[in-house]
Amino acid sequence: MTPRARFITLEGVDGAGKSTHQQFIADAVAAASGRHAIVTREPGGTDLAERLREAILTQPMDAMAETLLLFAARADHVTRVILPALQAGTWVVCDRFLDATIAYQGAGKGVPLSLIERLAEAAHPSLRPDRTIVFDCSYQVSRQRLSASGKKLDRFEREDQAFFERVRNAYLSRAKNEPDRIRVIDASADVATIRKALEKALVFD
């Protein structure tokens, strides 16, 4: 029996290096499963969601407005991209999903977890990741990488260390509570070491 398509999400603090490894992960799961894999991101992945992404990352707004816009983008992304791909037998590798909202808007900005869970149930009631990889690194490593990138930092990348630590701790707490789904990768290691850890993390029972 051919294994079903899997939904893999990549999480972690800004500067942890998720995007560096996203295509590697897609290629690795495609080779292992013999199934095509696509890469996408949140917020984003559709024309509407990309427009909302621009507003979320650049426009000042309170945490509630931010959360609602994220779920609006996610609902469109799930309906138009993620679910159709999975239903067609295509694996999906997504840069951020619900765990990011729980970590950033929940732990980072104080939006109630109960509200986030209700919005998730409304936006994607039947969809949860099969495997989530958290790229973990210290605040110092994050700052160094963001500075070295030379790009203009968005609203989240400019947050202070206290915010960073709340977000990081939320990810680590979720990983501790959901060890079957979430794998934590030391993102401060060299690329070769990280990719060996990723290959191990992408093995499904």
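What you see is a predicted model, and the numbers here were worked out from it, not measured in a lab.
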Subject >> From CA spacing to verdict: side-chain contact (heavy atoms from CB on, under 4.5 Å), Leu10, His21 >> reply: CA-CA 9 Å; Leu10 313 182; His21 302 282; 6.0 Å; no

Contact summary for [X] and [Y], nearest pair of heavy atoms:
| X | Y | value |
| --- | --- | --- |
| Ala37 | Thr90 | CA-CG2, 4.1 Å |
| Ala85 | Ile38 | CB-CD1, 3.9 Å |
| Gln105 | Glu66 | NE2-OE2, 2.7 Å |
| Val134 | Gly12 | CG1-CA, 4.4 Å |
| Lys109 | Ala63 | CB-CB, 3.9 Å |
| His124 | Leu98 | CE1-CD2, 4.1 Å |

**OP:** Using a 4.5 Å cut-off on heavy atoms from C-beta on, say whether the side chain of Asp154 contacts that of Ile56.
**Re:** no

Original post:
Do Leu70 and Arg96 touch side chain to side chain, with heavy atoms closer than 4.5 Å?
Top reply: no

Determine whether a donor-acceptor pair (N or O, by modelled atom type, separation under 3.5 Å) exists between the side chain of [X] and the backbone of [Y].
| X | Y | answer |
| --- | --- | --- |
| Arg158 | Leu153 | yes |
| Ser149 | Leu146 | yes |
| Thr79 | Ala75 | yes |
| Ser142 | Asp14 | yes |
| Arg74 | Phe97 | yes |
| Arg131 | Ala201 | yes |
| Arg35 | Ala32 | no |

Rounded distance [0.5 Å steps], [atom1] in [X] versus [atom2] in [Y]:
| X | Y | atom1 | atom2 | result |
| --- | --- | --- | --- | --- |
| Lys196 | Ile194 | NZ | CD1 | 12.5 Å |
| Phe7 | Asp130 | CZ | CG | 8.5 Å |
| Glu178 | Arg128 | CD | CZ | 9.5 Å |
| Thr20 | Arg145 | OG1 | CZ | 7.5 Å |
| His77 | Cys94 | NE2 | SG | 5.0 Å |
| Asp190 | Arg195 | CG | CZ | 11.0 Å |

**OP:** Report the C-alpha separation of Leu202 and Ile133 in whole Å, then their side-chain angles, then the decisive distance to 0.1 Å, and conclude whether the side-chain contact (heavy atoms from CB on, under 4.5 Å) test is met.
**Re:** CA-CA 9 Å; Leu202 291 168; Ile133 298 173; 3.8 Å; yes

Hydrophobic cluster identity match, [X] and [Y], side-chain contacts under 4.5 Å:
| X | Y | result |
| --- | --- | --- |
| Val81 | Trp91 | no |
| Leu69 | Met64 | no |
| Ile8 | Phe135 | yes |
| Met61 | Tyr104 | yes |
| Leu52 | Leu57 | yes |

So with a 6.0 Å cut-off around [atom1] of [X], is the heavy-atom count from everything else above 12?
| X | atom1 | answer |
| --- | --- | --- |
| Asp160 | CG | yes |
| Gln161 | CD | yes |
| Arg80 | CZ | no |
| Lys151 | NZ | yes |

NZ/NE/NH1/NH2 to OD/OE distance under 4.0 Å, [X] and [Y]:
| X | Y | result |
| --- | --- | --- |
| Asp76 | Arg51 | no |
| Glu11 | Arg174 | no |
| Glu50 | Arg41 | yes |

**OP:** Report the C-alpha separation of Tyr171 and Asp136 in whole Å, then their side-chain angles, then the decisive distance to 0.1 Å, and conclude whether the side-chain contact (heavy atoms from CB on, under 4.5 Å) test is met.
**Re:** CA-CA 9 Å; Tyr171 276 129; Asp136 180 57; over 6 Å; no

Original post:
In terms of ring plane angle, is the pair Phe156 and Phe163 parallel, tilted or perpendicular, where the classes change at 30° and 60°?
Top reply: tilted

Original post:
Cationic tip of Arg168 within the cone over Tyr139's six-membered ring, i.e. under 6.0 Å and within 45° of the normal?
Top reply: no

Original post:
How far apart are the C-alpha atoms of Glu42 and Thr101, what are their side-chain angles, what is the distance that settles it, and do they pass the side-chain contact (heavy atoms from CB on, under 4.5 Å) test?
Top reply: CA-CA 10 Å; Glu42 290 221 339; Thr101 311; 6.0 Å; no

